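Below, all heavy atoms of this structure are taken into account, side chains as well, without hydrogens, waters or symmetry copies. Since we're looking at a predicted model, the values are computed, not measured.
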Amino acid sequence: MLNHSYPTSFVEFLEASGPLTDPRAHGGDPADAFHVVIPSLPGFAFSSPLSARGWNLERTALAFGELMTRLGYGRFGVEGGDLGAGVTGRVVTLMPDRVIGAHTHGDRLQLGMAGEDLPVPDGLSPDEQAGLEAAQRNWSQMKGYKVLHMTAPNALSAGLADSPVLQLAWIAEKFVQWADPATPISRENVLITASLYWFTRTGPAAGDFYWELAHADDPGWGSPSGVPMASSLFSSARSSARATTPPSSASTPRAGTFPPSRFPASSSTTSVPSSAPSAPDRALAEAGTTTTA
């Protein structure tokens with residue numbers, strides 16, 4: 001199960017799904033094929049309209065667990081970035097007996113969230129401390145969208161529902177700011193994503209996911225469990241990796257916030273910790289199919 005981020009959709013993982021479902025066509029071993037399920041977060045694109053409020057991380061994780069049950073998967077792996085990483089963490093916490101292994105991905109912006117959403121790394125060198133403070137200043141100038149969604153979303157929601165230009169600009173701005181300049185998001189990807197939001201009128205509901213997160217009884221992104229977990233940070237310094245749990249991979253290409261869209265092969269071939277179950281235990285290692293919901 002692959003959980004997308006904001007302001008994206010299941011489209012974020014479509015390229016990465018190729019190597020997962022058909023590794024032979026990408027130079028891999030056919031025995032490593034997976035069924036891939038890419039659900040839309042509640043309120044995003046085709047997971048709409050919502051019948052009630054309250055779709056926070058916990059409720060979403062429980063619903064996705066039920067989705068996997070109805071699709072016939074008793075056990076599964078789970079991956080996600082950004083808000084999708086939060087859903088991934090809660091799936092692991094709420095149903096550890098069903099999760100074979102979990103992986104999350106992030107980017108250089110993550111260091112700026114240290115001291116706010118993430119712990120401040122211990123034992124930083126003077127250069128690393130200076131890098132942390134610079135990242136925090138940079139994030140303080142980029143998080144306006146999040147503050148607005150969490151505190152006063154209604155005026156923006158009216159505009160996103162009324163104006164395709166505003167919807168396109170709102171999404172394109174994030175793609176330009178958050179993607180690594182060396183690997184920009186394609187024009188086609190921007191237009192597909194904006195079209196999905198516009199034609200389903202889900203720009204307001206997608207933004208409301210942040211409001212729900214801010215007002216949830218438990219806004220946490222999960223807690224430690226016995227499930228094998230790993231994390232990758234793209235376009236990031238080593239100090240960024242030290243701010244995450246579990247420790248992140250030290251070597252990743254430049255991709256920014258949306259690596260599945262830019263480096264699908266890297267996003268689908270991350271190494272798994274040695275404590276993870278062996279290949280025969282992977283209930284999803286069958287003939288490849290892709291499901292979007």
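Put simply, the side chain of Ser163 never gets that close to the backbone of Leu160: no donor and acceptor are under 3.5 Å apart. Checked by atom type and distance alone, the side chain of Thr202 never pairs as donor or acceptor with a backbone atom of Trp198 at under 3.5 Å. Between the Ser47 side chain and the Gly43 main chain, no donor and acceptor come within less than 3.5 Å of each other. Between the side chain of Ser48 and the backbone N or O of Phe44 there is no donor-acceptor pair closer than 3.5 Å. Looking at Gln136, its side chain does come within 3.5 Å of a backbone N or O of Ala114 through a donor-acceptor pair. The main-chain N or O of Gly80 is found under 3.5 Å from a side-chain atom of Thr88 such that the two form a donor-acceptor pair. Remark: side-chain polar atoms of Asp82 are not paired, donor with acceptor, to backbone N or O of Gly84 under 3.5 angstrom.
Classification of the His215-Trp211 ring pair by plane angle, with boundaries at 30° and 60°, yields parallel.
Ion pair Arg90/Asp218 flagged as a salt bridge, since at least one NZ, NE, NH1 or NH2 atom sits closer than 4.0 Å to an Asp/Glu carboxylate oxygen.
Leu50 is not connected to Met150 by any chain of hydrophobic side-chain contacts under 4.5 Å among Ile, Leu, Val, Met, Phe, Trp and Tyr, and they are in different clusters. No continuous path of hydrophobic side-chain contacts links Leu168 to Phe199 [ILVMFWY only; heavy atoms under 4.5 Å]. Hydrophobic clustering (ILVMFWY, side-chain heavy atoms < 4.5 Å, transitive): Tyr6 and Leu191 are in one cluster. Clustering ILVMFWY residues whenever any of their side-chain heavy atoms sit less than 4.5 angstrom apart, transitively, puts Leu67 in a cluster other than the one holding Trp55. Both Leu213 and Met113 are members of a single hydrophobic cluster when ILVMFWY side chains are connected at heavy-atom separations under 4.5 Å.
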Any chance you could lay out the salt bridge (Lys or Arg N to Asp or Glu O under 4.0 Å) test for Arg59 and Glu212, step after step, and finish with the verdict?
CA-CA 10 Å; Arg59 186 176 180 184; Glu212 298 289 359; over 6 Å; no

Could you walk me through whether Asp208 and Arg53 pass the salt bridge (Lys or Arg N to Asp or Glu O under 4.0 Å) test, one step at a time?
CA-CA 9 Å; Asp208 276 354; Arg53 301 200 69 94; 3.7 Å; yes

Evaluate the side-chain hydrogen bond (donor to acceptor under 3.5 Å, both in side chains) criterion for residues Thr60 and Asn56: first the C-alpha distance (whole Å), next the side-chain angles of each, then the deciding distance (0.1 Å), finally the verdict.
CA-CA 6 Å; Thr60 300; Asn56 51 40; 5.9 Å; no

Checking side chain to side chain contact (heavy atoms under 4.5 Å, CB included) for the pair Phe175/Thr193: CA distance, chi angles, key distance, verdict?
CA-CA 10 Å; Phe175 279 16; Thr193 302; 4.0 Å; yes

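Once rounded to the nearest 0.5 Å, the distance linking OH of Tyr197 with OG1 of Thr8 reads 5.5 Å. The distance from the OG atom of Ser195 to the CD atom of Gln167 is 9.5 Å, given to the nearest 0.5 Å. In this structure, Leu124 CG and Asp122 CG are separated by 8.0 Å, a value rounded to the nearest 0.5 Å.
For the residue pair Thr104 and Glu79, no side-chain donor N or O sits within less than 3.5 Å of a side-chain acceptor on the partner. There is a side-chain donor-acceptor pair under 3.5 Å between His103 and Ser232.
The shortest side-chain heavy-atom distance between Arg98 and Met68 falls under the 4.5 Å cut-off. Residues Phe64 and Leu41 have side chains in contact (heavy-atom distance under 4.5 Å, counting atoms from C-beta outward). Taking 4.5 Å as the limit, some side-chain heavy atom of Val99 sits within range of a side-chain heavy atom of Val91. Looking only at side-chain heavy atoms (C-beta outward), Trp178 and Met142 come within less than 4.5 Å of each other.
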